[in-house]
Protein chains: 2
Amino acid sequence: MANAFIRKLSGFAELSGDDVAALTKATAFPRRVAKKTDLIREGDRPGPVFVMIDGWAIRYKVLPNGSRQVTAFLMPGDCCDLHIGMLAEMDHSIATTVDARVCTIGRADMDTLLDNHPKVARAMYIAQLTDEGTLRAWITSMGRRSSVERVAHLMCELYLRARNIGLVTSREFDLPISQIILADALGMTPVHINRVLKELRLAGAMLLKRGSLTVHDPEKLAEIAGFDENYLHRKMREL
Amino acid sequence: MANAFIRKLSGFAELSGDDVAALTKATAFPRRVAKKTDLIREGDRPGPVFVMIDGWAIRYKVLPNGSRQVTAFLMPGDCCDLHIGMLAEMDHSIATTVDARVCTIGRADMDTLLDNHPKVARAMYIAQLTDEGTLRAWITSMGRRSSVERVAHLMCELYLRARNIGLVTSREFDLPISQIILADALGMTPVHINRVLKELRLAGAMLLKRGSLTVHDPEKLAEIAGFDENYLHRKMREL
DNA sequence: CGCTGGATTGACTCGGATCAAGTCGAGTGG
DNA sequence: CCACTCGACTTGATCCGAGTCAATCCAGCG
């Protein structure tokens with residue numbers, strides 16, 4: 001069975017057996033990383049591209065006053081920016097939230113991969129545009145949605161992304177994200193996140209318990225969120 | 001005198017005379033666009049890449065309930081995503097805020113440019129990573145900064161970006177952005193934006209009047225904002 | 001078995017939204 | 001050249017969603 005990275009890219013372009021073989025080779029030797037470990041820190045000089053094979057991570061920034069803002073969730077299959085190596089230094093940090101397995105792909109290998117496998121390159125570029133669309137959707141949530149809508153919107157997104165790579169079984173999937181992280185992601189306090197989760201639970205929409213999310217009523221959740229999945233770019237462009 | 005696009009890219013990589021000539025050729029024939037005109041709309045199928053030569057534009061999304069969120073300001077020299085053409089449809093709209101001049105670069109021309117001018121390609125990729133860093137800084141502002149800090153932070157960013165392409169004269173530059181747009185950008189109401197601008201004015205930090213911004217005291221403004229310019233990636237990577 | 005980090009709930013406060021009433025200024029047409 | 005208009009800006013009064021503070025509970029784990 002292909003790993004999450006390959007499953008994800010397959011959703012963005014039709015990969016040949018050869019493409020899949022090259023990707024399998026590039027991600028053959030993941031390393032283990034303990035939970036709450038920084039994969040890279042703000043100010044570091046970027047190294048190779050890395051890919052989450054297993055487990056979750058967050059991108060985050062820390063402000064002078066010590067507060068933290070999470071700007072993205074990386075689930076299995078997600079990777080950092082393709083051209084990260086061109087930067088002099090990182091403008092944010094990335095840390096695992098659980099024990100994880102991560103692959104690194106060196107600059108040279110990545111170039112070879114992109115040059116020899118146009119379908120793979122295409123899929124990766126679409127993945128990157130999707131990440132950018134996700135950032136814009138995030139800003140939209142922060143600026144113009146109420147706290148309930150905001151939480152519901154994020155949960156909708158994570159649910160769909162997890163489903164797209166086959167992580168959801170009977171409306172449930174692993175979501176190793178504490179309420180504290182959620183608060184730092186949505187610009188709220190842990191206390192208020194807790195109340196909102198209770199509200200969504202009582203509405204019969206979803207249930208987040210330690211380490212996993214169950215979406216009892218996807219339609220209701222999407223309606224509460226005002227969710228439009230267009231920014232996830234699952235629709236293919238006919239060439 | 002080189003146009004804003006070339007001035008901006010020169011800040012990200014050392015372009016040769018040949019590189020500049022190719023860019024000049026590619027952006028030789030801008031077209032005029034009236035103010036408040038959509039350059040592209042959410043749901044549209046993307047066309048060629050386009051570049052702002054003169055004038056300002058905003059990226060924005062509109063929610064089901066009619067409210068609007070601005071997710072980026074495009075100033076002269078800025079462009080849309082390089083790989084926009086791979087998407088089946090746009091996930092946001094882009095509109096001018098003033099009369100502007102805009103260039104389009106067709107897919108084939110763009111490919112030629114990127115293949116034959118690695119320095120240009122490098123500069124464009126760094127520009128794109130900077131745009132992404134800007135989105136993350138934006139999220140951080142929305143989530144974890146007070147309204148005064150938020151406004152100050154945005155003004156700092158715009159001031160620096162404008163200065164980097166030579167638009168600032170004696171701490172002043174054209175900023176054709178209404179308080180309403182500002183409100184939609186920062187997730188606030190126009191009323192509150194107005195009060196915050198007054199506060200920053202009385203603090204002697206800056207003055208925003210119809211169409212232009214004067215930063216009387218850049219240090220003070222940066223201090224209020226808790227501004228760190230690292231995400232604008234002006235520092236070059238020694239190869 | 002106690003320690004620690006996360007989850008939960010209640011009481012109180014406050015930043016920014018909302019509502020409402022102007023004012024100002026750039027066009028536009030008579 | 002002046003009156004009219006419309007969009008943007010300004011200011012005050014009031015309200016409410018979410019933050020803050022403070023206990024308490026709970027589960028996993030060394």
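Chain letters run A, B, ... following the sequence lines, proteins first, then strands; residues in each count from 1.
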Salt bridge (charged side-chain N to carboxylate O under 4.0 Å, His left out) partners for A:Asp99, two or more places apart
none
Please enumerate all residues that pass salt bridge (charged side-chain N to carboxylate O under 4.0 Å, His left out) together with A:Glu89, with sequence neighbours excluded.
B:Lys235
What's A:Gly187 touching, base or sugar-phosphate or nothing? Going by heavy atoms closer than 4.0 Å.
sugar-phosphate
Quick check: do B:Thr104 and B:Arg31 have side-chain heavy atoms less than 4.5 Å from each other?
yes
Counting only pairs under 3.5 Å, give me each side-chain donor-acceptor contact of residues 188-208 of chain A, with atom names and distances, residues two or more places apart or in other chains.
from     : atom 1 : to       : atom 2 : distance (Å)
A:Thr189 : OG1    : A:His192 : N      : 3.3
A:His192 : NE2    : A:Ser147 : OG     : 3.3
A:Asn194 : ND2    : A:Gln179 : OE1    : 3.0

Residue set satisfying ring-ring contact (aromatic ring centres under 6.0 Å, His included) with B:Tyr60, at least two apart, ordered chain then number -> none
Listed partners of A:Asp91 passing salt bridge (charged side-chain N to carboxylate O under 4.0 Å, His left out), at least two apart
B:Arg136
Any side-chain heavy-atom pair from B:Leu175 and B:Met155 closer than 4.5 angstrom?
yes
Which residues in residues 58-75 of chain A have at least one heavy atom lying under 4.0 Å from any atom of DNA chain D?
none
Specify the angle, to 10°, made by the local axes at the two ends of the helix from C:dC1-D:dG30 to C:dG30-D:dC1 when five pairs are taken at each end.
40°
Donor-acceptor check, side chain of B:Thr71 to backbone of A:Thr140, threshold 3.5 angstrom: yes or no?
no
Holding to side chain to side chain donor-acceptor pair (under 3.5 Å), I want the full list of residues that pass it with B:Arg171, two or more places apart in sequence or in another chain.
none
With a 4.5 Å limit on heavy-atom distance, are the side chains of B:Met124 and B:Phe12 in contact?
no
Between protein and nucleotides 9-16 of chain D, what N or O pairs are separated by less than 3.5 Å?
from   : atom 1 : to       : atom 2 : distance (Å)
D:dC9  : OP2    : B:Gln179 : N      : 3.0
D:dT10 : OP2    : B:Gln179 : NE2    : 2.7
D:dT10 : OP2    : B:Asn194 : ND2    : 2.5
D:dT10 : O5'    : B:Asn194 : ND2    : 3.1
D:dT11 : OP2    : B:Lys198 : NZ     : 3.4
D:dG12 : N7     : B:Arg195 : NH1    : 3.1
D:dG12 : O6     : B:Arg195 : NH2    : 3.3
D:dA13 : N6     : B:Arg195 : NH2    : 3.1

Considering residues at least two apart in sequence or located in another chain, which fulfil the salt bridge (charged side-chain N to carboxylate O under 4.0 Å, His left out) criterion with B:Asp81?
B:Arg59
Checking all strands, does A:Ser147 fall into the base, sugar-phosphate, or nothing category for heavy-atom contacts under 4.0 angstrom?
sugar-phosphate
Given DNA chain C, 5'-ward residue of the pair B:Lys35 and B:Val148, judged by closest heavy atom:
B:Val148
Base, sugar-phosphate or nothing for A:Lys36? Non-hydrogen atoms, less than 4.0 Å.
sugar-phosphate
With a 4.5 Å limit on heavy-atom distance, are the side chains of B:Ile94 and B:Phe50 in contact?
yes
Find the distance B:Arg145:CZ to D:dG19:P and express it as a whole number of Å.
17 Å
Value in whole Å for how far the P atom of D:dG17 lies from NE2 of B:His192
17 Å
Partners meeting side chain to side chain donor-acceptor pair (under 3.5 Å) with A:Lys8 (sequence neighbours left out):
A:Asp78
Range on DNA chain C touched by chain A, heavy atoms, distance below 4.0 Å:
C:dG5 to C:dA11
